[in-house]
Amino acid sequence: MVHSKQIRVLVLNDMENLDRTLFRLDQGFELQFRLGPTLQGKPVQVRTNYPSKGEKFDRHDFRTLEWINPTEREDDSDKFCTLDLQIAGSYQYYFGHGEDEKSGGGYFVVDPVLRVGTDNHILPLDCITIQTYLSKCLGPLDEWPDRLRVAKESGYNMVHFTPLQVLGISRSCYSLADQLELNPDFSTSEKRYTWMDVGLLVEKLKKEWNMLCITDVVYNHTAANSPWIRQHPECGYNLVNSPHLKPAWVLDRAVWHLTCNIADGKYEDQGLPALIQNDGHLDKIRCVFSKDVFPKIKLWEFFQVGVDKTVDQFRKLLQSGKAAKSKPGAEAQLTVIPDPEYRRFGCTLNMSAVLATFVPQSKSLAAIEECCGSLRKKLEEINEKRYKETHYHQEQAVNCIMGNVVYERLADHGPKLGPITRKNPLVTRYFTFPFAEMALDQELLLIHKADTACHFMAHNGWVMADDPLCNFAEPGSNVYLRRELICWGDSVKLRYGNKPEDCPYLWAHMKKYTEITAKHFCGVRLDNCHSTPLHVAEFMLDAARAVRPDLYAVAELFTGSEDLDNVFVNRLGIGSLIREAMSAGDSHEEGRLVYRYGGEPVGAFVQPSLRPQVPSIAHAMFLDVTHDNECPIQLRSPYDSLPSSAIVSMACCATGSTRGYDELVPHQISVVKEERYYTKWNPEALPEVAGEVNQESGIIAGKLALNCLHQELAAKGFIQVYVDQVDEDIVAVTRHCPSTHQSVVAVSRTAFRHPKTHHYRDEVPPMFIPGKIEEVVLEARTVERHAGFYAKDEESINGMPEYTVEITEHIQLKDSMIVKQAEVTSKGPNEFVQEIIFERLTPGSVIAFRVSLDPKAQELVGVLRNHLIQFSPHYKSGSLPDSDAPAILKKPLKSIMSKLTLADMNALLFCCDAEEQEEGGGCYTIPSWVALKYGGLQGFLSVMADIRAKNDLGHPFCDNLRQGDWMIDYVSNRLVSRGGHLGQVGEWFQAMFGYLKHIPRYLIPCYFDAILVGAYTTVLDATFLQMSNFVQTGSTFVKLLALGSVQMCRVGSKPTLPPLSPDLEDVPYRLNDTTGKKEQCCVSLAAGLPHFSSGIFRCWGRDTFIALRGLMLLTGRHLEARNIILAFAGTLRHGLIPNLLGEGTHARFNCRDAVWWWLQCIQDYCNLVPDGTDILQCPVSRLFPTDDAKPQAPGVEDQALYEVIQEAMQRHAEGINFRERNAGPQIDRNMQDEGFNVVVNVDPETGFVSGGNKFNCGTWMDKMGESDKAGSKGIPATPRDGAAVEIVGLSKSAVRWLVELYEGGVFPYAEVTVQRDGMEVLFSYEEWNDLIQTNFEKMFYVSHDPKDPNEKHPDLVHKRGIYKDSYGASSPWCDYQLRPNFTIAMVVAPELFTAERAWEALEIAEKKLLGPLGMKTLDPDDMVYCGVYDNALDNDNYNTAKGFNYHQGPEWLWPVGYFLRAKINFAKMVGKEAYDETVFLVKNVLSRHYVHLERSSWKGLPELTNDNGQYCPFSCETQAWSIATVLEVLHDL
């Protein structure tokens, strides 16, 4: 089914918290939540704060989503709840079940839709080209258009303004004095401008210039001189609301006084001048701290306990009789409690712990004083420890101060501040001090006065490598004390608390600030985002989105971790994270960043519109350089600005720069100190005029071309990216459009080092560009010109006039000045490669080519896309009509597929290697890898599903497709050779591949995938249309299992089944290619793939009839099921159905159970198929009319099926005793002689069918020992002789059914004849039925009564409340082994069991035998249990050699179906609670089968697993009965 809407599926798994995983979605997408295996069956509730239609968003308001179950079945595999995403923002979801409200959850982010222009057209995020402006450098508002025009003329479509508010005293762009007032600098003497005027300008830019505007929001701090912070000191971290900062404040004041003393020359006589020039001066500073500063301020006292005060308190308590009893471990409770007011010696101890630790020997004064002495000693120890801790903090503080001094005064890359003065102190102050200077001792008294201490507020800053989720100003952090803050001394850190009620003024003030910003700007940059408390930013952005729903939020994070980045992106709904090309140390890293930040690989696969939601990386805003970082020209060279910009512009994400970069301003434009204005735009500007710029200034002309190219590539769907590191300086970036297959290749030669001082190679490697170069989009070089040299202008922020860009655009290759020559070479039919030899690709150069496919290849791709439209409308773009289409392509594939039978589907989809070899071929093998699992489409699709999801174009599979047509030809030729309707499908592939072969090889994997996926989905649709309503309306799981029917049922080149009666109607025939004669071609059912798929080992009676109900009757393949039943009926001999069919003529009649499974299937056929009892009248051609007859031709001896049934019953009743034909090693090389003797009879006392001996194994547990080393050769591991429990159940089911048929008049026999006391007597089916009913629980149930009179071997009982595995075994202990076989009897003959006993036995089986996928075949408590099957291992271990433990522990899948069906059936009898729990169990178990089935490259369920569901390499990868019995469970549900 093709979905036009984009749907993403998020699979929920129990206990999976995805708070740090980013899921990005677009508006208009549908998000579906589905249950993973760990949750299926549980009553899961999914809750989200995404609002209902018409409701407003409230972050704390969660609603429960409703489950949608499209099939309305109990199966949870397709159940989902859904959200139609129409509103941008960040949303949370969580889920739970039962009492656990939250057992997992996460976030999803819906991207905003930005609109621009008079027509309000959409500006995709990847189209953005942004330029940052320092607002204060724009001058008065009426001059802004002239300065902003530079951005417009340079091709930018978004402007980022630093804050437009009133600035603080430092004039830093990010230190705001009033968040609500517009900066008065923007007004003139003639006009005072307001926010409304700013809004009008922003709207003008949007409508007339097609430019959007965003600005910063600063939530973390305010200017220290903000008037409102003085009126509301509670909004900052001060010494009243944050007394834990008192020690840090004391140190800060001491450092300030040290600054003053050094500045005043008071330490010159000690060798410490104001001008710090060497390491000796640094050592002196350290010395002053240790000798003068720390001893004076005694910081440790803030953390110590008052010894005398505590001892006095303790003494008084003892004297008043409060002594406690000594408690073990009490001393460990002696924790120091910090003083809430942080007074010196204000810390205390937990006095109850003190009393329990120090207990006097008596009440005497001496004993009390002795105790007080002990406490005093302990307190002094504690205080000494606190002293050492504080000393450690002091050492760190000095280290940090020294680091600051070195950077600011000595380092070459530092600002070289010069002498220590009050203006340039030793280090930046950490706290405000809005009072006149006084002596330090006087200042220290102020901390206890609330009215002054509330004005000592902590400055903001940032902490290297700190946890961004922790607030460094809160209690528990020592950042201020240890001087680890890189401090912004102009700003006060804001203290919000946890909720608006904690600081009402601040929250209200900042909310209003946010609303003003959101009203006028389409987006915000969250300044200092990583240090802004998340809950605050969430609240503010919610307020902003209430004003502007499509708010575009960007941020620059310095978390150092993608996981932590995701926390911010998730919680805040950040649209883009700012990334910087300047972080790259070389061109190779710069290219890697382009690849990292967006796009899919060139030639990527087409993804389905309904697909899993995979984790995303945050959308990038990739900038040349950010406005607060160093100037690239100082770090690299002026020649690098253009090529590095070109590399950035080719990124498939938002890109941009900062004003000044394009003009080649050779220094950082300081956000604090810069007061000059930006230059204005003047097309006629002269280079020597500092205040104006035009196209020839710096790299503006190049940037215009690059920005226009960036926007074109994003708008036109060039979403695929390839980065090629040509050499150490040259990076080629390809952007490719997957619908038109046009590419743009930009080759940039970087110049990280100046070409005048660094030698660059003259030789440039040639480039090979596939396709036809349509034009040179642009070629540009940075060149010098005679325009004077750079001199810093006093009024304008001017760039380097001596450089400009030499650029030409949209020229032909022959006119290029950079390319010397271009040679066209052929790489194959319709694939051409142009070899480009460069002549003048000098450092600082860029050339971009527009490349198309060769015209013929372009046409073929268009035609191919046209033929793919039948599968998906995605292919309409870039498609071309096909006037010369081959006839086979003129009709839709759907109509060709509709003629195929399900047997044809087997050949089209499946056929393992052994089956293919029977047809003279084999599965496709990839030489450097492996052979595919199937020759049919599934073999290819299984591999491609993994490759497609990961776009793993480097996979050997894709390599094979690119290297040649072998795989393509295999797919079509294999089908053409089969002829008929399949041949037509092959011709369709051949015609499609005719186009495919002639397109460029790099595109072949994605189009091969598109063709096969389209064909595959069409095949599946056609397949399910031929199946039952149960399948057609069933879940995805049901359909996947039903495909097992197609996988296992096949018509081979040689008939596998013996021929049916010529008189039987509706038998399929064909002409034999060799003889030219007509022959029957019925489907046969394989036991399992790959081991039991072909030749005489394909069909087994037991396997066929265990699987037939699920794979054929439930799927609606009634006619084919009839033919298989009748074919096997024709082989009846000795009253038995063969186990190994051997095409009938080589059958082995060595199993006791196959005939009963066959009878069960006839019963199921009669019950499930309309007019099903008609089968009883169908003619059966007897292959062996008598036991000793030679094989007869069809039609020689025909009988009605009911006659054959009666013969089988009669032969059992009278007893079966024969020796297998050709007994000996020629038919079984391991069996001992006695094993070939087959004996079966009906016990006249119980009615049980019994038989076998200890040398053979006549049930499904049929492992024969093979090891000489271990001595197990010829000894069955599990003979199960006597009456096997499942055979008793199956025979009970058969006789009960025959009674019903007789009573209904559709079966003429009511009895069999038996010999009793030498006389022939009638034994009615009703008697037989009653006999089994009466005796079953007596003989099989192991009761809790130790004196149970029916128990023959009480000494062998080791588990009670279970059912025996057999009755009357030659080794009696085998009867008592717990195995899963009793559950089969429970399903086919539930009337044999008492509900309560059955339920208990099932509970024990669940606990002991149930594995992840299968059932343990033996109780793990059994001494011979071994859960790992290894058929290759041969040693002296009797229990395991040569796989002897095949049925002694390994977990087989097919019994799980019977176990679960039994559970469902008896749960209904036990009660509602038991039934609800069972449904959960069933869904939970089946969910694991679903996951296995989905992930399996065989698309099947295995025969068995090793213990605990571990993979077993000796198992069939997909087994008929495993799939069938699971399908039966779903049918029962």
Side-chain angles (χ1 to χ4, degrees), residues 914-915 918 1048-1050 1052 1054-1059 1082-1108 1124-1159 1161 1182-1184 1187 1190-1191 1208 1216 1218-1232 1235-1238 1240 1251-1252 1255-1266 1274 1276-1280 1284 1287 1431 1443 1446-1447 1452 1454 1503 1514-1516 1519-1521:
E915 292 172 301
E918 272 198 335
M1048 296 294 170
C1049 295
R1050 169 172 173 261
K1054 297 175 190 167
T1056 310
L1057 297 177
C1082 296
V1083 298
S1084 62
L1085 186 57
L1089 312 183
H1091 306 317
F1092 306 113
S1093 59
S1094 62
I1096 64 166
F1097 294 107
R1098 176 176 172 82
C1099 284
W1100 301 73
R1102 175 191 302 124
D1103 297 69
T1104 294
F1105 294 111
I1106 291 176
L1108 189 125
I1124 289 174
I1125 289 169
L1126 297 175
F1128 270 90
T1131 64
L1132 188 87
R1133 198 175 202 180
H1134 306 291
L1136 299 175
I1137 290 292
N1139 185 21
L1140 177 64
L1141 178 61
E1143 296 164 8
T1145 52
H1146 297 86
R1148 278 194 74 186
F1149 295 86
N1150 62 333
C1151 72
R1152 308 195 305 274
D1153 59 348
V1155 68
W1156 298 106
W1157 284 111
W1158 171 73
L1159 286 165
C1161 271
R1182 296 294 299 273
L1183 197 58
F1184 307 107
D1187 289 349
K1190 294 244 185 316
I1216 297 166
F1218 69 95
R1219 185 170 173 80
E1220 281 195 81
R1221 279 159 192 74
N1222 303 314
Q1226 59 270 32
I1227 64 166
D1228 194 324
R1229 57 192 169 85
N1230 294 308
M1231 190 177 276
Q1232 293 187 36
F1236 294 106
N1237 298 329
V1238 179
V1240 189
F1255 296 105
N1256 60 28
C1257 29
T1259 72
W1260 78 275
M1261 292 183 164
D1262 56 357
K1263 178 65 181 181
M1264 181 60 74
E1266 300 174 46
T1278 44
R1280 300 189 70 231
I1287 295 179
N1431 200 38
Y1446 197 29
H1447 304 99
W1452 285 67
W1454 78 270
E1503 175 187 15
F1514 299 95
S1515 162
C1516 272
Q1519 189 88 350
W1521 60 18

Participant: Would you sort out whether Leu1089 and Glu915 count as a side chain to side chain contact (heavy atoms under 4.5 Å, CB included), showing the intermediate values?
Facilitator: CA-CA 9 Å; Leu1089 312 183; Glu915 292 172 301; 4.2 Å; yes

Participant: Got a second to check how far Ser1515's OG is from Asn1431's CG, nearest 0.5 Å?
Facilitator: 11.5 Å

Participant: Mind telling me whether Trp1452 and Trp1521 have parallel, tilted or perpendicular rings, with 30° and 60° as the class edges?
Facilitator: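 Correct class here is perpendicular.
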
Participant: Of all the heavy-atom pairs spanning Met1231 and Phe1255, show the shortest one and how long it is.
Facilitator: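 Shortest heavy-atom separation between Met1231 and Phe1255 comes out as CG-O, 4.1 Å.
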
Participant: For the residue pair Asp1262 and His1447, establish whether any side-chain heavy-atom pair is separated by less than 4.5 Å.
Facilitator: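 Yes - at least one pair of side-chain heavy atoms lies under 4.5 Å apart.
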
Participant: Taking all heavy atoms of Phe1184 and all of Lys1190, pick out the closest pair and write down the distance.
Facilitator: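 Reported closest heavy-atom pair: CD2-C, 4.3 Å.
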
Participant: Minimum heavy-atom separation for Gly1101 and Ala1154, please, with both atom names.
Facilitator: C-CB, 4.1 Å

Participant: At what distance, to the nearest 0.5 angstrom, does OG1 of Thr1104 lie from CH2 of Trp1158?
Facilitator: 13.5 Å

Participant: Where do Arg1221 and Ile1227 come nearest, in terms of heavy atoms and distance?
Facilitator: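 It is O-CD1, 3.5 Å.
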
Participant: Do NZ/NE/NH1/NH2 and the carboxylate oxygens of Lys1054 and Glu918 come within less than 4.0 Å?
Facilitator: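 Looking at Lys1054 and Glu918, the cut-off is not met.
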
Participant: Tell me whether Arg1102 contacts the main-chain N or O of Trp1157 through its side chain, where contact means a donor paired with an acceptor under 3.5 Å.
Facilitator: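 Such a contact is absent between Arg1102 side chain and Trp1157 backbone.
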
Participant: To the nearest 0.5 Å, what is the distance between CD1 on Ile1216 and CG on Leu1136?
Facilitator: 4.0 Å

Participant: Mind listing the closest non-hydrogen atom pair of Ala1284 and Arg1152 along with its distance?
Facilitator: CB-NH2, 4.5 Å

Participant: Can you find a heavy atom in the side chain of Leu1159 that is under 4.5 Å from one in the side chain of Ile1137?
Facilitator: no

Participant: Check the pair Met1264, Cys1257 against side chain to side chain contact (heavy atoms under 4.5 Å, CB included), reporting the backbone distance first and the verdict last.
Facilitator: CA-CA 8 Å; Met1264 181 60 74; Cys1257 29; 4.3 Å; yes

Participant: Stepwise, does the side chain to side chain contact (heavy atoms under 4.5 Å, CB included) test hold for Trp1100 with Arg1148?
Facilitator: CA-CA 10 Å; Trp1100 301 73; Arg1148 278 194 74 186; over 6 Å; no

Participant: How far does OG1 of Thr1056 sit from CD1 of Ile1096, to the nearest 0.5 angstrom?
Facilitator: 11.5 Å

Participant: Report the distance from atom CG of Asp1187 to atom NE2 of His1134, rounding to the nearest 0.5 Å.
Facilitator: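 Nearest 0.5 Å value for the CG-NE2 distance: 4.5 Å.
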
Participant: List the atom of Ile1124, the atom of Ser1084, and the distance in Å for their closest heavy-atom pair.
Facilitator: CD1-CA, 4.4 Å

Participant: Starting at CG of Asp1103, measure out to CG of Leu1141 and round the result to the nearest 0.5 Å.
Facilitator: 11.5 Å

Participant: Tell me if a side-chain donor or acceptor on Thr1278 pairs with a main-chain N or O of Met1261 at a distance below 3.5 Å.
Facilitator: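 Looks like yes, one N/O pair under 3.5 Å.
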
Participant: Using ring pair (Phe, Tyr, Trp, His ring centres under 6.0 Å), reason through Phe1105 and Phe1128 one step at a time and then give a plain yes or no.
Facilitator: CA-CA 10 Å; Phe1105 294 111; Phe1128 270 90; 4.9 Å; yes

Participant: Check whether more than 12 heavy atoms from other residues, nucleotides or ligands sit under 6.0 Å from atom CZ of Phe1097, and answer yes or no.
Facilitator: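 No, not enclosed.
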
Participant: Evaluate Arg1280 against Thr1259 for side chain to side chain donor-acceptor pair (under 3.5 Å), listing each step before the verdict.
Facilitator: CA-CA 7 Å; Arg1280 300 189 70 231; Thr1259 72; 2.9 Å; yes

